[in-house]
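In what follows, a structure is listed as structure tokens, so that the remarks can point back to it.
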Amino acid sequence: MTSAASGGRLFSISHVAELTGVGVRSLRQYEARGLVTPARSEGGTRRFSRADIARLRRVRELVDVGANLASIGIILDLQDENTSLRYELRRMQ
């Protein structure tokens with residue numbers, strides 16, 4: 001584990017696999033599909049934040065109920081957009 005510039009902890013792919021129950025191979029596939037975007041060290045090693053871990057848990061929930069990766073991408077995009085719109089609405093009030 002390392003610390004991010006923002007002070008947040010970052011986790012290695014093997015640690016994230018243990019924390020989430022998602023295999024390393026699946027984590028790499030989720031990244032390739034754009035479902036999660038971990039930071040990279042100078043040497044190119046994946047470093048996952050707590051937000052990445054929360055997102056991966058959501059991915060796993062969706063996989064567990066039978067959603068395919070393409071659908072999961074759409075669901076996550078819609079959830080992100082909804083969160084952004086709610087934030088913007090609160091800011092405007």
Side-chain angles (χ1 to χ4, degrees):
M1 290 177 273
T2 358
S3 290
S6 65
R9 292 176 74 181
L10 296 177
F11 302 87
S12 68
I13 195 168
S14 59
H15 194 153
V16 171
E18 290 176 26
L19 290 171
T20 62
V22 176
V24 170
R25 187 176 196 183
S26 293
L27 291 171
R28 290 183 179 123
Q29 183 179 24
Y30 296 165
E31 181 186 12
R33 292 284 200 136
L35 301 179
V36 66
T37 314
R40 295 281 183 150
S41 70
E42 289 182 21
T45 303
R46 291 171 184 85
R47 295 294 181 201
F48 293 83
S49 67
R50 292 185 189 278
D52 293 327
I53 292 169
R55 189 170 179 93
L56 286 165
R57 287 185 172 136
R58 181 66 178 137
V59 169
R60 179 157 183 187
E61 289 171 0
L62 293 167
V63 167
D64 288 347
V65 297
N68 63 38
L69 296 184
S71 298
I72 291 171
I74 293 167
I75 291 166
L76 293 176
D77 287 346
L78 289 170
Q79 288 176 333
D80 290 345
E81 184 176 350
N82 188 30
T83 299
S84 177
L85 290 171
R86 285 180 184 211
Y87 172 78
E88 188 66 28
L89 181 62
R90 284 189 199 122
R91 197 174 66 83
M92 294 173 65
Q93 292 178 342

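Excluded from the calculations below are hydrogen atoms, water molecules and symmetry mates; all remaining heavy atoms, backbone and side chain alike, are included.
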> What are the two closest non-hydrogen atoms of Arg55 and Leu35, and how far apart are they?
Replying inline: NE-O, 2.6 Å
>> Check this for me, if you would: do Glu88 and Arg91 make a salt bridge, where the nitrogen-to-carboxylate-oxygen distance has to be below 4.0 angstrom?
In response: yes
>> Evaluate Leu76 against Gln79 for side chain to side chain contact (heavy atoms under 4.5 Å, CB included), listing each step before the verdict.
In response: CA-CA 5 Å; Leu76 293 176; Gln79 288 176 333; 3.7 Å; yes
> Got Gln93 and Leu89 here, is their nearest side-chain heavy-atom distance under 4.5 Å?
Replying inline: yes
>> Any heavy-atom pair between the side chains of Val16 and Ile53 that's under 4.5 Å?
In response: yes
> Do Leu19 and Leu27 share a hydrophobic cluster (ILVMFWY, side-chain heavy atoms under 4.5 Å, transitive)?
Replying inline: yes
> Could you give the distance from CD (Glu81) to CG (Asp77), rounded to the nearest 0.5 Å?
Replying inline: 8.5 Å
>> Checking the side chain of Arg60 only, and the main-chain atoms of Gly21 only, is there a donor and an acceptor separated by less than 3.5 Å?
In response: yes
> If every non-hydrogen atom of Ala17 is compared with every non-hydrogen atom of Gly23, which pair is closest and at what distance?
Replying inline: CB-C, 4.5 Å
> What do the steps show when you test Asp80 against Thr83 for side-chain hydrogen bond (donor to acceptor under 3.5 Å, both in side chains), and what is the final call?
Replying inline: CA-CA 5 Å; Asp80 290 345; Thr83 299; 5.5 Å; no
> Roughly how far apart are Glu31 CD and Leu56 CG, rounded to 0.5 Å?
Replying inline: 10.0 Å
> Say you draw a straight line from OG1 of Thr20 to NE2 of His15; how long is it, rounded to the nearest 0.5 Å?
Replying inline: 10.0 Å
> Once you round to the nearest 0.5 Å, how far does OG of Ser84 lie from CZ of Arg86?
Replying inline: 12.0 Å
> To the nearest 0.5 Å, what is the distance between CZ (Arg46) and CZ (Arg40)?
Replying inline: 4.0 Å
> When clusters are formed by joining ILVMFWY residues with side-chain heavy atoms under 4.5 Å apart, either directly or through shared neighbours, do Ile74 and Ile72 land in the same one?
Replying inline: no
> Considering only heavy atoms from C-beta outward, does the side chain of Val63 approach that of Tyr30 to under 4.5 Å?
Replying inline: yes
> Looking at CD1 of Ile13 and CG of Asp52, how far apart are the two atoms once the value is rounded to the nearest 0.5 Å?
Replying inline: 11.0 Å
